[in-house]
Amino acid sequence: MAEASPRYGPPPPRGKKEHEEPAHASVGFYWMIGIILAIMTGMEVAIFYIPALAGALVPLLLVLSAGKFLLVVMFFMHLRFDSKVFTALFLAGLSLAIFMVSWLIVLYYYLPLFTV
Amino acid sequence: MTAHAAAATTDHHYTATGLPSWKVGFWTFIASECLFFGTLISTYMVYKRSSVQGPFPHEILNIPLTSVSTFVLLMSSLAMVLALDGVTRGSRRLSILWLSVVIVFGSIFLGFQAYEFIHFVGEGLTIQRNIFGSSFFVLTGFHGAHVTGGVIWMVTLLILAIRGKLPPERALAVEIAGLYWHFVDIVWIVIFTLIYLIQ
């Protein structure tokens with residue numbers, strides 16, 4: 001992360017606290033993240049086709065998928081460098097969504113298996 | 001464009017936190033989109049094994065094809081950050097190059113999706129065939145609609161870049177378009193794993 005992009009945008013109005021623009025990563029760093037993402041996608045597909053890994057398929061795929069998700073959110077969407085307010089906003093929506101998905105699956109998929 | 005109009009197009013409003021209101025608003029929109037796609041994904045997960053007649057997911061989903069389209073979408077995200085970097089540095093050439101790459105890769109992804117949908121319909125899987133078809137087409141169709149919206153957005157940015165109307169002062173507009181594009185990408189990361197790989 002040697003060279004950082006210059007800040008951009010006009011200054012905020014007088015009397016307002018100035019938002020410090022995030023120090024974005026260098027072009028080389030973005031390329032490295034892109035290559036890691038491509039390798040992780042290749043690993044996901046390889047794991048899918050390896051019979052010996054069938055037992056650990058779901059946890060392995062979930063870990064790789066979560067890793068890709070985090071890389072994109074932290075570096076491509078700049079949450080790693082940006083204001084924590086944006087992270088809080090995103091995590092609020094994401095955690096609500098995860099909570100909702102989990103409960104819907106429990107209520108409509110797993111609970112009927114025990115009640116029938 | 002008058003000097004006043006030019007100033008108006010680059011004037012960002014700031015919230016009490018000192019953060020640009022566009023960006024705060026857009027992150028709030030992304031949070032709401034998490035819930036939108038969450039409902040579609042959970043509907044698919046609940047009902048994917050409830051179909052009484054085929055085709056079933058393991059019979060029809062094409063992993064190699066979708067792996068390539070996933071790779072293309074991930075690389076379009078890389079091109080998007082490089083486009084933002086080009087705009088931030090004031091490089092018109094780099095902005096045009098990488099925005100074009102985003103548009104081409106986004107269009108290739110949509111082409112793969114159109115091919116997949118046509119192939120599935122040919123195999124007998126329509127939105128009305130079974131509950132797997134209904135939940136699959138609604139989920140991936142809405143994602144495809146988001147990608148289509150993103151491609152149109154990128155085309156407008158490319159036109160601005162070609163006309164020289166995308167100076168570093170307007171990088172926030174490109175960053176917000178990038179946030180949308182990356183969000184569409186992370187939704188696909190989840191869809192690819194949960195729908196295609198974990199069957």
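Nothing here was measured: the structure is a model prediction, and the numbers come from that model. In what follows, every chain begins at residue 1, and chains take the letters A, B, ... in the order their sequences are listed.
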Handout entry: Heavy-atom side-chain proximity of A:V45 to B:F192 below 4.5 angstrom
Key = yes
Exercise for the section: Answer with side chain, backbone, both or neither: which region of B:Y196 has an atom nearer than 4.5 Å to a non-hydrogen atom of chain A? Expected result: backbone
Fill in the blank from the handout: When every non-hydrogen atom of A:L61 is compared with those of B:T193, the smallest separation belongs to O-CG2, 3.7 Å
Problem - Non-hydrogen side-chain atoms of B:L82 and A:W31 separated by less than 4.5 Å - result: yes
Practice task
Verify the neighbour count for atom CZ of B:R129: are there more than 12 heavy atoms of other residues, nucleotides or ligands below 6.0 Å?
Solution key: yes
Exercise for the section: Measure the CZ-SG distance between A:F90 and B:C34 for me, rounded to the nearest 0.5 Å. Expected result: 4.5 Å
Fill in the blank from the handout: Separation between CG (A:L104) and OG1 (B:T43), nearest 0.5 Å, reads 7.0 Å
Problem - Region of A:L79 in contact with chain B, defined by heavy-atom distances below 4.5 Å - result: side chain
Problem - Sub-4.5 Å side-chain heavy-atom contact between B:L197 and A:V58 - result: no
Handout entry: Hydrophobic cluster identity match, B:L194 and A:Y49, side-chain contacts under 4.5 Å
Key = yes
Fill in the blank from the handout: Here the pair of heavy atoms bringing B:V190 nearest to A:F69 is CG2-CD1, 4.0 Å
Exercise for the section: Heavy-atom distances under 4.5 Å only: say whether B:W98 touches chain A with side chain, backbone, both or neither. Expected result: side chain
Fill in the blank from the handout: Honestly, the part of B:T66 sitting under 4.5 Å from a heavy atom of chain A is neither
Practice task
Inspect the surroundings of CZ in B:F117 and state if more than 12 heavy atoms from other residues, nucleotides or ligands are less than 6.0 Å away.
Solution key: yes
Handout entry: Proximal component of B:L179, with respect to chain A [non-hydrogen, under 4.5 Å]
Key = both
Handout entry: Side chain / backbone / both / neither for A:F48 at chain B, heavy atoms under 4.5 Å
Key = side chain
Practice task
Measure the spacing between CD1 of A:I105 and CD1 of B:I41 and express it to the nearest 0.5 Å.
Solution key: 9.5 Å
Completion exercise
Checked B:G38, B:G178, B:S32 vs chain A; the most non-hydrogen pairs under 4.5 Å come from B:G38
Exercise for the section: Mark yes when over 12 heavy atoms from residues, nucleotides or ligands other than B:F36 sit less than 6.0 Å from its CZ; otherwise mark no. Expected result: yes
Problem - Heavy-atom contact with chain B under 4.5 Å, split by part of A:L96 - result: both
Handout entry: A:F86 and B:W27 aromatic ring geometry - parallel, tilted or perpendicular at 30°/60° bounds
Key = parallel
Problem - Cluster link B:F112 to B:I118, ILVMFWY, side chain under 4.5 Å - result: no
Exercise for the section: Inspect the surroundings of CZ in B:F56 and state if more than 12 heavy atoms from other residues, nucleotides or ligands are less than 6.0 Å away. Expected result: yes
Practice task
Side chain from CB out, backbone as N, CA, C, O: work out which of these in A:M100 comes under 4.5 Å of a heavy atom of chain B, or both, or neither.
Solution key: side chain
Handout entry: Atom pair CD/CD1 of A:E44 and B:I198 - distance to nearest 0.5 Å
Key = 9.0 Å
Exercise for the section: Report, as yes or no, whether the 6.0 Å neighbourhood of atom CD on B:E59 holds more than 12 heavy atoms from other residues, nucleotides or ligands. Expected result: yes
Problem - Interatomic spacing from CD1 in B:I189 to CG in A:L70 - rounded to 0.5 Å - result: 9.5 Å
Exercise for the section: Indicate yes or no: at least one non-hydrogen side-chain atom of B:I30 is less than 4.5 angstrom from one of A:M77. Expected result: yes
Problem - ILVMFWY network linking A:I39 to A:V63, side-chain heavy atoms under 4.5 angstrom - result: no
Practice task
Check whether any side-chain heavy atom of A:K68 sits under 4.5 Å from a side-chain heavy atom of B:L74, and report yes or no.
Solution key: yes
Completion exercise
Comparing A:A66, A:A97, A:S65 against chain B, the one with the most heavy-atom pairs below 4.5 Å turns out to be A:S65
Handout entry: Single-linkage hydrophobic cluster A:L111~A:W103, side-chain heavy atoms < 4.5 angstrom
Key = yes
Problem - Reported OG-to-CG distance for the pair B:S77 and A:L71, which is rounded to 0.5 angstrom - result: 11.5 Å
Exercise for the section: Indicate, with yes or no, if B:I152 and B:V147 share a hydrophobic cluster defined by side-chain heavy-atom contacts under 4.5 Å among Ile, Leu, Val, Met, Phe, Trp and Tyr. Expected result: no
Handout entry: Per-residue contact mode, A:Y110 against chain B (heavy atom under 4.5 angstrom)
Key = neither
Practice task
Apply the test side chain to side chain contact (heavy atoms under 4.5 Å, CB included) to residues B:L78 and A:F76: give CA-CA distance (whole Å), side-chain angles for both, the deciding distance (0.1 Å), then the verdict.
Solution key: CA-CA 7 Å; B:L78 172 63; A:F76 284 180; 4.0 Å; yes
